[in-house]
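Step one of this worksheet: look at the structure below.
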Amino acid sequence: MTTVAVTGAAGRMGTEVVKAVSECDDLDLVALIDPSFEQDDRHFTNIEDAIKCSQFDVLVDFTRPTVVAGNVKAALAAGVNCVVGTTGLSHETLEELASYATDDACLFVAPNFAIGAVMMMEISQIVAKYMEHVEIIELHHDNKLDAPSGTALRTAELIAAARGNAPQKPGKETENESCPGARGADYKDISIHSVRLPGLVAHQEVLFGDKGQTLSIRHDSIDRTSFMPGVVLACRKVAQHRGLIVGLEHLLEDE
Ligand code: NAD
């Protein structure tokens, strides 16, 4: 039996994680951590108290970019494997956090736990070798705290690595962008456009263009349950790994 704690357990994602883990026979949810809780023997307001009073094999973190590092440092230093969904941390920060891990602890981070989104990223890498010109549009609910999304940044990173030398960016507007930002943010020579609207959950379109044709790859998470099979898989598999691992695709390979 793998014992699990959840930070951000009262949040939108945390609530779903609590439900999903509770429904698994091989996972035992022993600690729910969120500043909004009243403390008792299973609920905690902070990670330090949870580590002192409870024992768990895995910490799942869906909190905020400003607090995730503190939670992960405390857990890794206590030998607890971490499954992190919180976005907004740079790769350098993740590498630094991983250095707090005791010898066999793993920091597993997925910018997106939805299997369909992982497939969107995998397919984008294949297409990028043949159609070099690409832009990314990511669309999220209006309470999202970071932009661009972790998924968009990861997709751009993977595309940039897959296509090798970046071609000239599409568009000739550089001297005539009458509204700054109209062409989106630039990351790895790829334009990323972030949409924020109530009613959305998490969506992304990767648009490739070439002479006389376009190819769009779109993924929609229409409900937060879409992330849960990936989170549960990570809780089950994380103990088989060590150090920093980024991307659910690495755990799917074990299947
Ligand atoms: P949310 O604001 O609904 O929930 C965050 C929760 O964290 C809140 O309940 C808050 O009280 C709690 N919190 C704050 N400080 C804390 C601390 N020190 N310790 C423990 N809990 C603390 O946010 P959300 O919509 O659930 O999103 C959470 C994160 O997950 C965001 O970074 C979001 O981008 C990310 N996300 C990732 C994926 C993915 O697949 N990787 C999918 C959706 C969302």
Side-chain angles (χ1 to χ4, degrees), residues 4-21 29 31-39 42-52 54 56 59-75 80 82-90 93-94 97 107-121 138-155 194-196 198-204 219-235 238 245-252:
V4 179
V6 179
T7 33
R12 284 176 290 260
M13 286 296 288
T15 309
E16 290 298 334
V17 174
V18 166
K19 257 193 250 162
V21 170
L29 182 66
L32 291 81
I33 306 157
D34 200 292
S36 64
F37 287 148
E38 295 273 319
Q39 195 142 325
R42 201 159 161 260
H43 293 81
F44 302 92
T45 57
N46 61 76
I47 184 77
E48 289 79 14
D49 284 350
I51 289 173
K52 246 186 264 161
S54 180
F56 37 89
L59 174 74
V60 180
D61 186 287
F62 281 94
T63 55
R64 296 194 172 142
T66 48
V67 301
V68 54
N71 291 340
V72 167
K73 265 186 212 173
V80 174
C82 291
V83 170
V84 174
T86 307
T87 52
L89 294 182
S90 69
T93 305
L94 294 177
L97 286 177
L107 170 55
F108 174 75
V109 184
N112 201 314
F113 278 94
I115 308 292
V118 176
M119 295 301 116
M120 170 184 64
M121 289 185 258
E138 56 96 344
L139 312 89
H140 281 82
H141 60 89
D142 56 333
N143 286 314
K144 185 164 175 60
L145 295 181
D146 55 325
S149 69
T151 306
L153 293 172
R154 177 79 176 151
T155 309
S194 297
V195 178
R196 297 290 175 266
L200 293 169
V201 179
H203 318 256
Q204 180 170 292
H219 176 260
D220 296 276
S221 274
I222 50 177
D223 192 286
R224 289 184 177 82
T225 53
S226 61
F227 304 111
M228 292 310 121
V231 173
V232 166
L233 177 76
C235 288
V238 67
I245 298 184
V246 180
L248 193 67
E249 60 278 15
H250 301 294
L251 302 191
L252 293 173

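Numbering of ligands and ligand atoms starts at 1, following listing order.
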Legend entry - Electrostatic pair Glu249-Arg154, nearest N-O below 4.0 angstrom: yes
Legend entry - Heavy-atom check, side chain of Lys144 versus side chain of Thr87, under 4.5 Å: yes
Legend entry - Close side-chain approach of Thr151 and Met121, heavy atoms under 4.5 Å: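 Answer yes - side chains close enough.
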Inset, instruction - Check each of Asp61, Leu94, Thr93, Val109 against Val68 using the side-chain contact (heavy atoms from CB on, under 4.5 Å) test, and report the only one that passes. - result: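 When side-chain contact (heavy atoms from CB on, under 4.5 Å) is applied between Val68 and each of Asp61, Leu94, Thr93, Val109, only Asp61 qualifies.
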Legend entry - With Val17, the side-chain contact (heavy atoms from CB on, under 4.5 Å) member among Leu29, Val231, Thr7, Val83: Val231
Inset, instruction - Identify, chain by chain and in numerical order, each protein residue with a heavy atom under 4.0 Å from an atom of ligand 1. - result: Thr7, Gly8, Ala10, Gly11, Arg12, Met13, Ile33, Asp34, Pro35, Phe62, Thr63, Arg64, Val67, Asn71, Gly85, Thr86, Thr87, Ala110, Pro111, Asn112, Phe113, Lys144, Asp146, Phe227
Inset, instruction - Answer with yes or no whether the side chains of Thr155 and Gln204 bring together a donor and an acceptor at under 3.5 Å. - result: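 Their side chains do contain a donor-acceptor pair, which is all the 3.5 Å distance test asks for.
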